[in-house]
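Remember, it's a predicted structure, so these values are computed and weren't measured experimentally.
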Amino acid sequence: MGRLALPRTLSRSVGFPWTAAIVDLRQWLTTVVSRICLDMLRSRRAHREQPVGTWLPEPVLSEEPSPGPEDHAVLADSVGIALLMVLETLAPAERLAFVLHDVFAVPFEEIAQIVGRTPQAARQLASRARRRVQHAPTPDSDLIGQRRVVDAFLAAARDGDFQALLTVLDPEVVFRVNVGGGHAGVVVHGAPAVAKQVLSAAPRFAHLASPVVVNGAAGALFGSRDKPVSVAGFTVVNARIATIDIIADQEKLRRLSIVP
């Protein structure tokens with residue numbers, strides 16, 4: 001591949017001398033995109049106000065897939081809400097080192113140049129991030145099995161059946177609600193407390209639920225697609241619900257779209 005001349009303004013922004021020529025286009029693109037992402041992460045962390053209550057990522061919705069293995073393979077590579085929340089807790093350099101090395105197999109020598117550390121320090125960044133990520137719940141890979149569990153949860157919620165809810169909830173389940181707008185959210189731990197919380201409102205709204213895939217996992221959309229009320233994401237581990245994440249932030253819901 002021939003050398004690619006680097007424009008002066010862009011080369012300065014990513015740390016190259018403007019007279020340099022690019023020998024490895026892949027490495028250059030990786031460096032440019034990574035440094036832009038790193039700057040954005042640092043800027044967002046430095047300037048955003050701390051949200052009140054619970055923060056949840058914007059959901060990515062898709063239709064229920066066909067039974068084919070290809071569709072399920074794509075969903076298996078999706079990043080669930082539970083993992084996104086763990087990634088959000090990482091420092092920008094940790095997140096970048098982890099994603100570049102563990103997801104894209106970028107050598108630590110290249111990562112070191114991007115984050116401004118030594119290769120050994122870059123390795124330590126990725127290692128710390130990896131330990132945090134390993135604590136994220138690993139959802140069951142069978143989407144059909146996930147859907148059965150979520151449907152059982154919704155049926156129990158509609159019927160107001162406390163005991164039926166306990167059978168589908170993990171004993172250490174975490175229930176989170178993000179309402180946005182500067183209002184405090186809700187975080188509840190443990191199956192009995194979560195079942196009680198669900199039954200305080202769900203019987204009135206569970207009938208509005210329609211099945212969707214939320215960040216690669218079985219979920220539910222409440223309300224219509226034109227006027228969504230909330231989105232529920234579930235993490236199903238060993239055929240029990242480990243996390244329930246309700247996103248009712250109207251700003252996020254206004255940007256909601258369903259990917260075919």
Side-chain angles (χ1 to χ4, degrees), residues 50-61 75-76 78-90 94-95 98 129-143 145-158 160-181 183-203 205-206 209 211-222 229-249 252-253:
Q50 289 297 319
V52 177
T54 303
W55 176 91
L56 290 173
E58 293 192 18
V60 178
L61 271 59
L75 287 176
S78 301
V79 180
I81 290 178
L83 179 55
L84 285 174
M85 293 194 66
V86 173
L87 291 175
E88 182 68 17
T89 66
L90 302 177
E94 288 178 337
R95 192 190 312 192
F98 169 74
R130 193 178 303 115
R131 287 195 296 270
R132 298 277 289 279
V133 168
Q134 286 171 348
H135 286 94
T138 302
D140 295 349
S141 58
D142 180 10
L143 187 63
Q146 290 183 30
R147 174 54 60 196
R148 282 197 294 265
V149 174
V150 171
D151 286 347
F153 168 86
L154 293 172
R158 282 193 299 269
D161 192 332
F162 184 84
Q163 291 301 321
L165 282 175
L166 293 182
T167 64
V168 296
L169 295 175
D170 184 272
E172 304 299 323
V173 62
V174 178
F175 177 87
R176 293 177 287 245
V177 180
N178 177 209
V179 295
H183 300 290
V186 174
V187 181
V188 181
H189 299 266
V194 170
K196 184 178 179 180
Q197 176 71 31
V198 168
L199 292 182
S200 69
F205 299 105
V212 290
V213 173
V214 181
N215 290 66
L221 172 67
F222 293 86
V229 175
S230 64
V231 170
F234 298 84
T235 303
V236 178
V237 180
N238 296 324
R240 284 195 165 188
I241 296 173
T243 67
I244 305 171
D245 294 299
I246 309 293
I247 299 166
D249 185 333
K252 293 178 181 178
L253 293 176

For [X] and [Y], work out which heavy atoms get closest and say how close.
{"X": "Pro192", "Y": "Phe162", "answer": "O-CE1, 3.7 Å"}
{"X": "Ala218", "Y": "Leu143", "answer": "N-CD1, 3.5 Å"}
{"X": "Thr167", "Y": "Arg240", "answer": "O-NE, 3.4 Å"}
{"X": "Ala239", "Y": "Asp140", "answer": "N-OD2, 2.8 Å"}
{"X": "Val149", "Y": "Ile241", "answer": "CG1-CG1, 3.6 Å"}

Determine whether [X] and [Y] make a side-chain contact, defined as any pair of heavy atoms from C-beta on separated by less than 4.5 Å.
{"X": "Arg148", "Y": "Val236", "result": "no"}
{"X": "Val214", "Y": "Phe234", "result": "no"}
{"X": "Phe153", "Y": "Val198", "result": "yes"}
{"X": "Asn178", "Y": "Asp245", "result": "no"}
{"X": "Leu169", "Y": "Ile244", "result": "yes"}

Leu253 and its side chain to side chain contact (heavy atoms under 4.5 Å, CB included) partner, picked from Leu221, Val229, Val231:
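Single pass found, and it is Val231.
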Arg130: partners by side-chain hydrogen bond (donor to acceptor under 3.5 Å, both in side chains), with sequence neighbours left out
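Only Asp102 meet the side-chain hydrogen bond (donor to acceptor under 3.5 Å, both in side chains) criterion with Arg130.
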Using the test side-chain hydrogen bond (donor to acceptor under 3.5 Å, both in side chains), find all partners of Arg158 that sit at least two apart in sequence or belong to another chain.
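side-chain hydrogen bond (donor to acceptor under 3.5 Å, both in side chains) check on Arg158 returns nothing, list empty.
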Donor-acceptor pair, Asp170 side chain versus Glu172 backbone, under 3.5 Å?
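It does hold such a pair.
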Distance-only, no hydrogens or angles: does the Gln146 side chain make a donor-acceptor pair with backbone N or O of Ala217 under 3.5 Å?
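Checking the backbone N and O of Ala217 against the side chain of Gln146, no donor-acceptor pair under 3.5 Å is found.
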